[in-house]
Amino acid sequence: NAGVTQTPKFRVLKTGQSMTLLCAQDMNHEYMYWYRQDPGMGLRLIHYSVGEGTTAKGEVPDGYNVSRLKKQNFLLGLESAAPSQTSVYFCASSSPGTSGSYEQYFGPGTRLTVT
Amino acid sequence: GDSVTQMEGPVTLSEEAFLTINCTYTATGYPSLFWYVQYPGEGLQLLLKATKADDKGSNKGFEATYRKETTSFHLEKGSVQVSDSAVYFCALRGTGGFKTIFGAGTRLFVKA
């Protein structure tokens with residue numbers, strides 16, 4: 001079991017460039033999430049998905065798009081990168097589990113720098 | 001709306017010291033409560049959880065008790081090690097929901 005994997009691990013973009021971050025999970029979880037982590041700001045939810053083919057906005061969705069074409073994959077896209085999107089991006093997945101707690105499983109993160 | 005407040009860090013302790021990281025929450029009903037830990041350069045991982053009032057979650061020597069009357073879920077460990085140096089996040093999942101709300105995180109440094 002690989003759990004949650006993210007690619008790439010690091011990336012440097014110039015302002016205006018685009019890129020896609022890939023998240024994959026092998027736990028058959030229905031729910032998947034993208035967060036960004038910035039110093040002093042904790043984790044902020046960008047977008048999430050409650051199942052294959054569905055997506056929804058989190059608290060900071062502007063400048064990002066997502067797609068969930070397959071249950072195991074959740075893609076995060078930046079169409080025109082801005083320096084304000086310099087951050088560490090984490091993907092997570094969850095399911096109700098036996099206790100109904102929806103504990104989340106996180107990937108290792110992608111460190112993105114936009115110059 | 002639901003929220004989580006945890007003590008600001010950093011917290012610096014010597015090895016074998018007692019650790020407490022305070023966490024309080026605001027939520028309706030009976031949320032599930034969690035502590036996640038993030039080691040340097042890694043993603044968050046679940047440390048422990050409690051899903052109903054008076055439950056005690058425990059793992060790796062860490063404990064936290066779900067106190068409904070004080071809306072708290074404080075993290076404790078009797079004797080910290082250098083390897084416990086990390087950022088600790090308190091979190092909750094609201095009743096009937098699936099999203100998790102995270103606190104701002106508390107960085108712990110343990111000195112040898």
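In what follows, chains carry the letters A, B, and so on, assigned in the order in which the sequence lines appear, proteins first and then strands, with residues in each chain numbered from 1.
Two different hydrophobic clusters hold Leu43(A) and Tyr88(B) under the rule that ILVMFWY side chains link at heavy-atom gaps under 4.5 Å. Leu21(A) and Val66(A) fall within the same hydrophobic cluster, where Ile, Leu, Val, Met, Phe, Trp and Tyr residues are linked whenever their side-chain heavy atoms come under 4.5 Å apart, directly or through other members. Cluster membership for Leu108(B) and Leu48(B), using ILVMFWY side-chain heavy atoms within less than 4.5 angstrom, is shared. Hydrophobic clustering of Ile, Leu, Val, Met, Phe, Trp and Tyr side chains at less than 4.5 Å, counting indirect connections, unites Phe74(A) with Tyr64(A). In the hydrophobic cluster analysis, where Ile, Leu, Val, Met, Phe, Trp and Tyr join through side-chain heavy atoms closer than 4.5 angstrom, Val37(B) is grouped together with Trp35(B).
When all heavy atoms of Phe98(B) and Val50(A) are compared, the pair lying nearest together is CZ-CG1, 3.4 Å.
Annotation: side chain of Ile101(B) is not in contact with side chain of Leu45(A) (no heavy-atom distance under 4.5 Å).
Proximity to chain B is absent for every atom of Glu59(A), based on heavy atoms less than 4.5 angstrom apart. Contact of Thr100(B) with chain A is made through backbone and side chain together, with heavy-atom distances under 4.5 Å. Looking at Tyr105(A), there are no atoms closer than 4.5 Å to chain B (heavy atoms on both sides), in backbone or side chain. With a threshold of 4.5 angstrom between heavy atoms, Glu8(B) does not approach chain A through any atom at all.
Using modelled atom types, one side-chain atom of Tyr36(B) and one backbone atom of Gln104(A) make a donor-acceptor pair closer than 3.5 Å.
Residue-environment remark: CD (Glu79(A)) stays at or below the threshold of 12 foreign heavy atoms within 6.0 Å. Remark: Tyr30(B) OH is loosely packed, at most 12 non-hydrogen atoms of other residues, nucleotides or ligands lying under 6.0 Å away.
Comparing Gln37(A), Gln6(A), Lys9(A) by heavy-atom pairs within less than 4.5 Å of chain B, the highest count is held by Gln37(A). The choice from Lys52(B), Gln45(B), Gln38(B), Arg107(B) that makes the most heavy-atom pairs within less than 4.5 Å of chain A is Gln38(B).
Between Phe102(B) and Tyr35(A), the ring planes are perpendicular. Angles over 60° get that label, and only those under 30° would be called parallel.
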